[in-house]
Visitor: 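The structure under discussion is supplied below as structure tokens; questions concerning it will follow.
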Amino acid sequence: MEPAARKRPAKPSTGETPPRRTRVDRDSVLFALGELVRREVDLDALLAQVIDTVTRAMDADRGTFYLVDRARGELFSKAAHLPELREIRLKVGQGIAGHVARTGEAINLSHTEGDPRFYGAIDRATNYATRSMLCVPVLDRAGEILGVLQLLNKKGAAFDDDDEALLRALASQVAMLVESTSLYGQLRAPTGGPLRYRFNGVVGGGARMRRVYDLVTRAAGTDATVLITGETGTGKGLIARAIHYNSPRAGRPFVAVDCASLPATLIENELFGHERGAYTGADQRSVGKFEAADGGTVFLDELGEVPLTLQSKLLRVLQDREFERVGGRKTLKVDVRILAATNRNLEDMVARQRFREDLYYRLRVLSLAMPPLRERGPEDLEQLAYHFLAGFAQRHNKQVVRFSPPALARLHAHSWPGNIRELENCIEGAVVLSVGDAIEVADLPLPADPRELPAAGRKAGRGGADLARLSWNEMEKLYIEAVLAAHDGNRSGAARAMGIGRATLLRKIKTLKIRA
């Protein structure tokens, strides 16, 4: 029997022609999937939701998303309606999905029986009968095959051309999802290796980050207050979002407050809101962040910047979940979870009486320390670099897909005082400057590698200080002074070059007593 691929599907057994999927239906399905992609949840759970959405939208009985593991020359089921088996593995070229992974062509079978490409061993292992099948490749922005989307047994009919067009569009959405996570960098990395990732938007699978993921997983299922510490640019905000979006409060608001960007006189109003007439210009009632987040999570970023005079009110919210608006007398109750982050040493601030001790202990019910990039190991650095490379190449419409070996070596040699934000800005600059398919050393907006300088030249700052003898604060001060000098004192430009916010730079200038 000739293969049934591409044959016009038969009408359903009722004798009625199935209604064609309208443009509105198609757009609503794509929108629903796009909303799923934008959610920051555990990636395995997200992929499972995607497959559920696609399968329901296509009136199919089962769906599977296969990833291509190039290192092994195999496909493996990453998300599937597969109650009988934990995983399916196929060789590239084996079965219908394997054929799609090898050739990149879509296959629509109205009948699988007699098709020589059909691999019946899976049906036998699962005691399932595959009658019809629609299978399309999942392509990344460079046109390479990341995986395969497969649907089985459309209900009451066979898959038609409209179904194939919609599944192709959905496959593009799935590709966007994969490309937005650490999984894409690991699939594309030339070294291959095991596929390790965890949360959407959080990249890295080294030992230090695996400990962070474990704490996030355990914290997410509770309502406990979490204090996230770490240097600027280490990803504290992403981890706070991961905790929220993997918690029972995921469907409720996540409200972030950057305490460092607000003047001290405005933080109370921002957090608690105000009543009409509370002060000159308050011509109507305003709802604060805690009230807006009722039922959800409030994330207090750079908590160490909250004035001492306001800390008692914050303590009350932590203890009793109640407060009054500025200028108000009515006590308001809220149901919120509080997450906080800081790059300051709060214990030191407590010792110097600049932070309330009782508030500090209320905050650190659970404590999570984000490692700086320089301590995360070469594997994480490379995964992050490829992750940013893929995103910025697409944004700037560039064909660059890899780093040259010297460029990778240069990335590993840099100390990254600005952490992940500095790396992100560095990769974007390199993508913009690139002219071929690879990032070269000359494309990287980094200072000269200090290891390539003679020993006498390994001096910096006033008085020619020996870098090896400086404290981290002294090193950071020298770095900021050098970047400011390179930008002729322009603080906004210097902040962008360092991958930090202008408010953060201003705070560092003040804290480190930098003359600028």
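Quantities reported herein were computed from a predicted structural model and do not represent experimental measurements.
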Visitor: With respect to Y360, which candidate in R356, E357, R364, R362 satisfies the side-chain hydrogen bond (donor to acceptor under 3.5 Å, both in side chains) definition?
Guide: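 Only one option passes, and that is R364.
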
Visitor: Looking at E347 and R352, does any basic side-chain N land under 4.0 Å from a carboxylate oxygen?
Guide: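 Between R352 and E347 there is no salt bridge, as every charged N stays at least 4.0 Å from the carboxylate O atoms.
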
Visitor: For Y386 and F403, take the angle between the two ring planes, folded into 0 to 90°, and tell me which bin it lands in: parallel under 30, tilted 30 to 60, perpendicular over 60.
Guide: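 Aromatic pair Y386/F403 classed perpendicular.
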
Visitor: Look up atom CG in L300 and atom CG in L271, then write down how far apart they are to the nearest 0.5 Å.
Guide: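 Between atom CG of L300 and atom CG of L271 there are 6.5 Å.
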
Visitor: Looking at every heavy atom in both L506 and R491, which two are closest together, and how far apart are they?
Guide: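 So the minimum-distance heavy-atom pair works out to CD2-NH1, 3.3 Å.
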
Visitor: Under 3.5 Å, is there a donor on one side chain and an acceptor on the other for S434 and D443?
Guide: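 Their side chains do not contain a donor-acceptor pair, so the 3.5 Å distance test is not met.
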
Visitor: Can you see which heavy atom on L423 is nearest to which on A385, and at what distance?
Guide: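 Shortest heavy-atom contact: CD2-N, 4.2 Å.
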
Visitor: Using a strict threshold of under 4.0 Å (side-chain N to carboxylate O), is an ion pair present between R344 and E305?
Guide: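 Judged by the 4.0 Å cut-off on N to carboxylate O distance, E305 and R344 do form a salt bridge.
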
Visitor: First locate atom CD1 of I439, then atom CG of L389, and finally report the distance between them rounded to the nearest 0.5 Å.
Guide: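 That separation rounds to 5.5 Å.
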
Visitor: How far apart are the closest heavy atoms of A293 and P253, and which atoms are they?
Guide: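 Scanning both residues, the minimum pair turns out to be CA-CB, 4.2 Å.
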
Visitor: What pair of heavy atoms forms the shortest contact from T64 to I51, and how long is it?
Guide: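 Closest pair (atom of T64, atom of I51, distance): C-CD1, 3.9 Å.
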
Visitor: Less than 4.0 Å between a side-chain N and a carboxylate O, is that true for K330 and E322?
Guide: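 Salt bridge: no.
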
Visitor: Checking side-chain polar atoms at under 3.5 Å, does E231 have a donor or acceptor matched by the opposite partner on N419?
Guide: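 There is such a pair (donor and acceptor under 3.5 Å, judged by atom type) between the side chains of E231 and N419.
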
Visitor: In this structure, is the centre-to-centre distance between the rings of F272 and F290 below 6.0 Å?
Guide: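 Between F290 and F272, the centre distance is under 6.0 Å.
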
Visitor: Decide whether E268 and H274 meet the rule of one side-chain donor and one side-chain acceptor closer than 3.5 Å.
Guide: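 No, because no side-chain N or O of E268 sits under 3.5 Å from a partner of the opposite role on H274.
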
Visitor: Search all heavy atoms of V334 against all heavy atoms of E291 and return the closest pair with its distance.
Guide: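 Residues V334 and E291, closest heavy atoms: CG1-CA, 4.1 Å.
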
Visitor: Where do R329 and E275 land on the salt bridge (charged side-chain N to carboxylate O under 4.0 Å, His left out) test, with the steps shown first?
Guide: CA-CA 9 Å; R329 296 182 179 180; E275 294 288 353; over 6 Å; no

Visitor: Against D335, only a single residue in R249, R321, R252 fulfils side-chain hydrogen bond (donor to acceptor under 3.5 Å, both in side chains); can you say which?
Guide: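 Single side-chain hydrogen bond (donor to acceptor under 3.5 Å, both in side chains) partner of D335 among R249, R321, R252: R249.
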
Visitor: Any chance you could lay out the salt bridge (charged side-chain N to carboxylate O under 4.0 Å, His left out) test for D214 and R210, step after step, and finish with the verdict?
Guide: CA-CA 6 Å; D214 182 58; R210 288 200 299 273; over 6 Å; no

Visitor: Which heavy atom of A503 sits nearest a heavy atom of S261, and at what distance?
Guide: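 In terms of heavy atoms, the two residues are closest at CB-CA, 4.2 Å.
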
Visitor: For salt bridge (charged side-chain N to carboxylate O under 4.0 Å, His left out), just list the numbers for R208 and E375, CA-CA rounded to whole Å, side-chain angles, deciding distance to a tenth of an Å, and then say yes or no.
Guide: CA-CA 8 Å; R208 294 291 299 273; E375 295 179 6; 3.0 Å; yes

Visitor: For the pair D348 and R354, find out whether any cationic side-chain nitrogen is under 4.0 Å from an anionic carboxylate oxygen.
Guide: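 Not counted as a salt bridge, because no side-chain N and carboxylate O are separated by less than 4.0 Å.
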
Visitor: Pick out which of L359, D320, L363 makes a side-chain contact (heavy atoms from CB on, under 4.5 Å) with L315.
Guide: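 That would be L359.
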
